[in-house]
Amino acid sequence: GGSVKTGKMPEGEKTEQRQKEEEREGLIEFYSSYQELFQFFCSNTTIHGAIRLVCSKKNKMKTAFWSVLFFLTFGLMYWQFGILYREYFSYPVNLNLNLNSDRLTFPAVTLCTLNPYRYSAIRKKLDELDQITHQTLLDLYDYNMSLARSDWSTLSVQKRSSRSLLHHVQRHPLRRQKRDNLVNLPENSPSVDKNDWKIGFVLCSENNKDCFHQAYSSGVDAVREWYSFHYINILAQMPDAKALDESDFENFIYACRFNEATCDKANYTHFHHPLYGNCYTFNDNSSSLWTSSLPGINNGLSLVVRTEQNDFIPLLSTVTGARVMVHDQNEPAFMDDGGFNVRPGIETSISMRKEMTVRLGGSYSDCTEDGSDVPVQNLYSSRYTEQVCIRSCFQLNMVERCGCAYYFYPLPAGAEYCDYTKHVAWGYCYYKLLAEFKADVLGCFHKCRKPCKMTQYQLSAGYSRWPSAVSEDWVFYMLSQQNKYNITSKRNGVAKVNIFFEEWNYKTNGESPAFTVVTLLSQLGNQWSLWFGSSVLSVMELAELILDFVAITFILALRWFRSRQKLSPPGPPANSHDNTAFQDEVPGLSAPHRFTVEAVVTTLPSYNSLEPRGLSRDGEVGHK
Amino acid sequence: AAAAPGKKITARIKRTLPVRGPQAPTLSELMRWYCLNTNTHGCRRIVVSRGRLRRFLWILLTLGAVGLILWQCAELLVNYYSASVSVTVQFQKLPFPAVTICNINPYKYSSMKDYLSELDKETKKALETFYGFSEGKSKVRRSVDEWNSTGSDFFEQIPLLKFEDFSKTATDLRSGQKRKIEGNVFHKDSSIVNSGDSNDIIGFQLCDANNSSECAIYTFSSGVNAIQEWYKLHYMNIMAQIPLETKEKLSYSADDLLLTCFFDGLSCDKRHFTRFHHPLHGNCYTFNSGENGTILSTSTGGSEYGLQVVLYIGEADYNPFLVTSTGAKIIVHDQNEYPFIEDIGTEIETAAATSIGMHFTRSRKLSKPYSDCTETGADIPVENLYNKSYSLQICLHSCFQKAMVDSCGCAQYAQPLPAGAEYCNYKKNPNWMYCYYRLHEKFVKEQLGCQQICKDACSFKEWALTTSIAQWPSTVSEDWMLRVLSWDKGQKINKKLNKTDLANLMVFYKDLNERFISENPANTLVILLSNFGGQLGLWMSCSVVCVIEIVEVFFIDSLSIVMRRQWQKAKKWWNNRKRDRAGKAPQAGDLERQGHDNPVCIDEDLPTFNTALRLPLPQDSPLPRTPPPNYSTLRLEAAFTEQLPDTLEVGQR
């Protein structure tokens, strides 16, 4: 060691010299030869195996051993990499279960009367249809329906104005048909064995070329469907259908309490559904939402509802009671999807459990954040939900295919509702489309993706008789006093609904990525370190080596060209530079000591050059 | 002599484990030394590279790698406390939960006559006078005056009012006097939904007894609700004065309530039921409460193997004002849970068979630090008033009751009694109702802090119920069934039972699959460390050792170099000043320089080879032969042999 120390004595002066030189140091300095480049690389690289492989050329045995090791570890590492990448790109998720116990926002609650219009109000419009239905029922089932014919006299006037109705109704007659062969039979033959017959109505395309039978196994279904089909047509013809429905809130909801306080008038909104009637949505406006402080029946919504049915449309509204639905704010109430029927004379206590599902979007699962990336225009003015999308999709297809819009769904811009005075064959078109829609030929179910964030309310109900026998006297009396309730109908005329939360907390089923970029990088780094002990910076070193190699090749080639231009008959080029690989250079590496001395002479940073020598010597000593 | 061995030991330690400062004299030298010797990738290249651009690029790359490591490791740390959920479904013999059954009506009306006759009389009178309702058709409507003469405590206490002019004035319904609503009205609903034509807004006013300007007004859109609430307030006052034993006698006995009982295909009777008195529902009976140490279980799912009970409801004995619906209430709960039957019980209809299918789910969450839940509730500063296991609802109710006792001086009737308190009644606490409503308002607005204190329980069981209803008994079976049941019921009831007095209830497991949802930590310490290692290795091939190295070099060594510099500067300055003042005594300065007895840097600046060499170097000792060893050479020596400087140091001395 001592000799080295003395040998390096002038180092101090050199460092000063070096510092001066450093100021003169170029922007990029290139090595003058491949040999120098590889010498530099081998002495300074940090890749573990490579040093042994490339830089220990003296020992062939060693080289072979190290190259085997190198390629083995290389293969193992990339095998592991492949596994890691495959796992990452399968986008695994962890399920999370969160119990949130923040204040529960009460959901919106929609109640419907189950009767679209008061029969007395719409009687005039439906009179003709009722007559035809009456006749049909008489013909088919020998049933004489007792229709109140109070304004029979006015029919003649109407008949003239809506002569077309009869014509159109007769276009789609309700008739029986044989189950096997669809042959129309004379209508007045009810004596045939009932099981052989199906009842239905014929729908034809515009030019009557293609017809099919919309058939039902039950006459009740057929009559209802047939009736409501015509009912839609009549409604669509009426521009002032909205004027017919009178939002009679006070006559429907007798008492309303939430959280032991009386409901506010601002707490409800009203809309009209052509089948479910007047619907009142409580707690729908976003400004002041109800919150439940505690679970339980006293901290929920409690309603007393009128369920009298003396003004129901007889052929349309066959269910009595009221329909309740619990849904999220800013979501339309699809009463036929998730309703809950309330029986008259019964107190229905509906307990809710809220459950939220939050999916990871993007590549993790096929869901949509806000529906903006779904190729279906949202016809509803509400937030995106799957049902909204499916209905919009159907309506848009309907407009495109049949030229008019289905009455139950919102109207797209520029379209009008179907009715057979304008669109003769829309029924044919509609039922064809419906079949296609259900078979997912239209692709609606495919196009409409689930929203990533969903709130569900799990409902369960308990029933008790209300009012009780001992209290019904005074309860009915009070109702009749305050709400002009018709006391004669008694028990069947009222119902009570309680809607409340069963638990104070709600569950959130969330997802989180199980394998993130960070973990992927960590795993890659683990593998890399395990097999090679190298890092990204080592790769940069390799990249630098390659760049330098190319640059030196370029410089040397340029120099060679110039020299050849100067000396027109040049000798064979130096065998060092026209070679792409470095096999030729490696012999030069066998004498690193000499090289470093040279480096000192050429005022390379002498400080560095000492380092490898010291190290290598140290290594050699270690070997001995 | 005693100090000698100590000194010896310290001297020995000093000799064998000399504490020395960094060998590099300047910061840049230190950095250079570090970069050349460290195992961390990138740093070496900064020093070794030729060309300014190259060096600059390597500096950028290294710093970038360091930044990436820090960022990614921070990310790992942030996501450390995440949990993943595992759902296991196992098929096994399930323990049957406790089923608590209550009649909706708490006490038999006939036996409550003694206590409630006054109140009922007044309520009936109120109905008659306000709404013209009379029970018997033959009864003559009594005049208001007659009633006034009889005197009524209950209306004196809380008068029912009819509000007009947007609640500014009100008419006392009893006396017909108009009174102005004054004072601080803190609870009212401005626009009532159901105003209707009659424009009736009925309500009552609760005032602070001490300060009558403070009032709370309660309005009801429906007279039914108003009367019921008004009745309930008085009812609770009356019931609060009756001792528990009496109340238990007044309520339904097990024989009254239960007509038949079947469990798992075997007959059972009232011995399988435990009585439990609920303040609002009277006597309730818990099946399978586990009180006698055994918990029943079912081996098969389906309605045949569950609990089948026929309940006698006794509609005729109902309190007409307190409850308006008929039926029973049941709740399915764990044996250790308190049945909150008034809140979340499911109603059972009379004259119907109700089938309740259960589906059992058990959930378990990880407690802190994964989520804010409590295992046993012991860490929550709210006393559990219910002698059942902790749940969030128990905590909230207990918290409210405690606040009630603290601020109103008495306990609310619907919740258990804390030690040393008694239930509110207006004989003793005339102000309690106002106080209660005020407090409840605060509670709802989360001003009592209960919602903040109470936490979720970490593990919970739930039975999801599916209810279905069928008409029962069927018309053809009605006759014989009612006859047999009346026979069973025995001598107590002579008349034949009515089907609206009966309810049939079936509670059973839909399937014996138990769903167990449990959270597991997604990360363990091993995984975290391995991920750390991965990140360090990926970007810089760094390890814990190299982190320690960085700390050593960049903090300790750099600091000591800076300190040394400062110390020398200070000393120089001091010497100069001394010299200026005294004009002499440079030797004293030298002495001080060699002394190293400065308390500031005594630890890190003990005489080392370097300092020993450097400090007295230029002027004092000319050093005839050996030139001062250069820093670099010393570094090399350090790289070769460890002992060399030490020996040299000794030699120098």
Side-chain angles (χ1 to χ4, degrees), chain A residues 1 5 8 11-12 25-29 44 46 94-97 99 101 250 254-256 262-265 293 295-296 347 349 460-471 474-475 477-478 481-482 502 504-505 518 521-526 528-529 533 535-538 540 608 611 614, chain B residues 36 41-42 48 50-54 61 65 72 75-76 84-85 127 131 133 189 191-194 196 198 200 219-225 315 318 320 324-327 343-344 346-347 349-350 392 444 456 465 467 517 519 522 531 534-535 537-541 630 632-633 636-637 640-641:
Chain A
K5 195 186 98 190
K8 291 291 145 307
E11 183 77 15
E25 190 180 349
L27 201 60
I28 301 177
E29 289 182 3
N44 286 314
T46 48
N94 276 341
L95 278 180
N96 300 60
L97 176 79
L99 264 185
S101 56
E250 273 106 36
Y254 285 159
C256 167
T262 307
C263 305
D264 216 288
K265 199 154 206 162
S293 52
E347 177 173 347
S349 301
S460 67
Y463 306 91
S464 58
R465 290 168 73 84
W466 182 85
S468 64
V470 286
S471 67
W474 74 269
V475 168
Y477 187 81
M478 297 277 278
Q481 284 281 305
Q482 274 211 309
E502 201 178 333
W504 200 59
N505 37 28
V518 179
L521 286 178
S522 294
Q523 298 294 321
L524 291 182
N526 268 332
W528 216 338
S529 299
S535 65
V536 170
L537 291 179
S538 315
M540 298 307 292
N608 302 331
E611 184 61 38
Chain B
L36 284 169
H41 297 184
V48 172
R50 287 188 282 171
R52 272 180 290 153
L53 184 66
R54 237 184 248 269
L61 283 172
Q72 301 269 297
E75 201 102 313
L76 282 174
S84 66
V85 170
L127 282 173
Y131 296 98
F133 168 76
D189 299 300
S191 55
I192 308 300
V193 179
N194 242 11
S198 53
D200 280 345
T219 54
F220 300 91
S221 58
S222 163
V224 180
N225 287 336
E315 200 179 5
Y318 263 46
T324 50
S325 52
T326 321
D343 281 340
I344 51 174
T346 307
E347 283 92 349
E349 201 185 329
T350 53
L392 180 67
V444 168
D456 286 313
L465 306 183
T467 319
I517 302 171
E519 273 191 343
N531 281 343
Q535 290 292 345
L538 176 68
W539 302 109
M540 289 187 82
S541 204
N630 209 301
S632 304
T633 54
L636 276 175
E637 279 163 18
F640 293 134
T641 51

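Heavy atoms only: backbone and side chains are in, while hydrogens, waters and symmetry mates are out. Note that the structure is predicted; figures quoted are calculated from it, not measured.
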A.B. asks: Looking only at side chains, do B/E315 and A/S468 share a donor and an acceptor under 3.5 Å apart?
C.D. replies: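 Absent: no donor and acceptor within the cut-off.
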A.B. asks: Can you give me the closest heavy-atom contact between A/S535 and B/G537, atom names plus distance?
C.D. replies: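 For A/S535 and B/G537, the tightest heavy-atom pair comes out as CB-O, 3.2 Å.
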A.B. asks: Side chains of B/W539 and A/L521, heavy atoms from C-beta outward: is any pair under 4.5 Å?
C.D. replies: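 Counting from C-beta outward, B/W539 and A/L521 do come under 4.5 Å.
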A.B. asks: Can a donor-acceptor pair be found between the side chains of A/Q523 and B/N531 at a distance below 3.5 Å?
C.D. replies: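 Checked: A/Q523/B/N531 side chains pair up, N/O donor to acceptor below 3.5 Å.
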A.B. asks: Going by atom types only, do B/E349 and A/S464 share a side-chain donor-acceptor pair under 3.5 Å?
C.D. replies: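 No, no side-chain donor-acceptor pair sits under 3.5 Å.
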A.B. asks: Given side chains that start at C-beta, do those of B/H41 and A/S538 come closer than 4.5 Å, heavy atoms only?
C.D. replies: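 Yes, at least one pair of side-chain atoms sits under 4.5 Å.
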A.B. asks: Restricting to side chain to side chain contact (heavy atoms under 4.5 Å, CB included), what partner residues turn up for A/A461, sequence neighbours left out?
C.D. replies: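 If we apply the side chain to side chain contact (heavy atoms under 4.5 Å, CB included) test to A/A461, skipping adjacent residues, the hits are A/F340, A/T348, A/I350, A/Y463.
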A.B. asks: If I take atom CG from residue A/N96 and atom CD from residue B/E519, how far apart are they, to the nearest 0.5 angstrom?
C.D. replies: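 Between A/N96 CG and B/E519 CD, I get 7.0 Å after rounding to 0.5 Å.
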A.B. asks: Under 3.5 Å, is there a donor on one side chain and an acceptor on the other for A/W466 and B/T326?
C.D. replies: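 No, no side-chain donor-acceptor pair sits under 3.5 Å.
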A.B. asks: Do side-chain atoms of A/N94 reach the backbone of B/S84 as a donor and acceptor pair under 3.5 angstrom?
C.D. replies: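 Checking the backbone N and O of B/S84 against the side chain of A/N94, no donor-acceptor pair under 3.5 Å is found.
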A.B. asks: Quick one: are A/Y254 and B/N225 in side-chain contact, heavy atoms under 4.5 Å?
C.D. replies: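 A/Y254 does not reach B/N225 side chain to side chain.
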A.B. asks: Looking at side-chain heavy atoms only, is the closest gap between B/L127 and A/M478 below 4.5 Å?
C.D. replies: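 B/L127 reaches A/M478 side chain to side chain.
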A.B. asks: Evaluate side chain to side chain contact (heavy atoms under 4.5 Å, CB included) for B/L76 paired with A/S522, printing each intermediate quantity in order.
C.D. replies: CA-CA 9 Å; B/L76 282 174; A/S522 294; 3.8 Å; yes
A.B. asks: Just by distance, with hydrogens left out, do A/E347 and B/S325 show a side-chain donor and acceptor under 3.5 Å apart?
C.D. replies: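 The criterion, which ignores hydrogens and geometry beyond distance, is satisfied for B/S325 and A/E347.
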A.B. asks: Looking only at heavy atoms, which two atoms of B/G42 and A/L537 are closest? And how far apart?
C.D. replies: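 Shortest heavy-atom contact: CA-CD1, 3.7 Å.
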A.B. asks: Select one option (side chain, backbone, both, neither) describing which atoms of A/W474 are under 4.5 Å from chain B's heavy atoms.
C.D. replies: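 Contact with chain B: backbone and side chain both.
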A.B. asks: In chain order, what residues pass the salt bridge (Lys or Arg N to Asp or Glu O under 4.0 Å) check against A/E502, with sequence neighbours excluded?
C.D. replies: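 With sequence neighbours excluded, A/E502 shows a salt bridge (Lys or Arg N to Asp or Glu O under 4.0 Å) to A/R353, given in chain and number order.
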A.B. asks: Looking at B/D456, B/T350, B/L465, which has the largest count of heavy-atom pairs under 4.5 Å with chain A?
C.D. replies: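 Ranked by contacts with chain A, first place is B/D456.
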A.B. asks: Which answer fits A/S529, side chain, backbone, both or neither, if we ask what part of it has an atom under 4.5 Å from a heavy atom of chain B?
C.D. replies: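 Looking at A/S529, just its side chain touches chain B.
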A.B. asks: For B/L392, is it the side chain, the backbone, both, or neither that has a heavy atom closer than 4.5 Å to a heavy atom of chain A?
C.D. replies: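 B/L392 touches chain A through side-chain heavy atoms alone.
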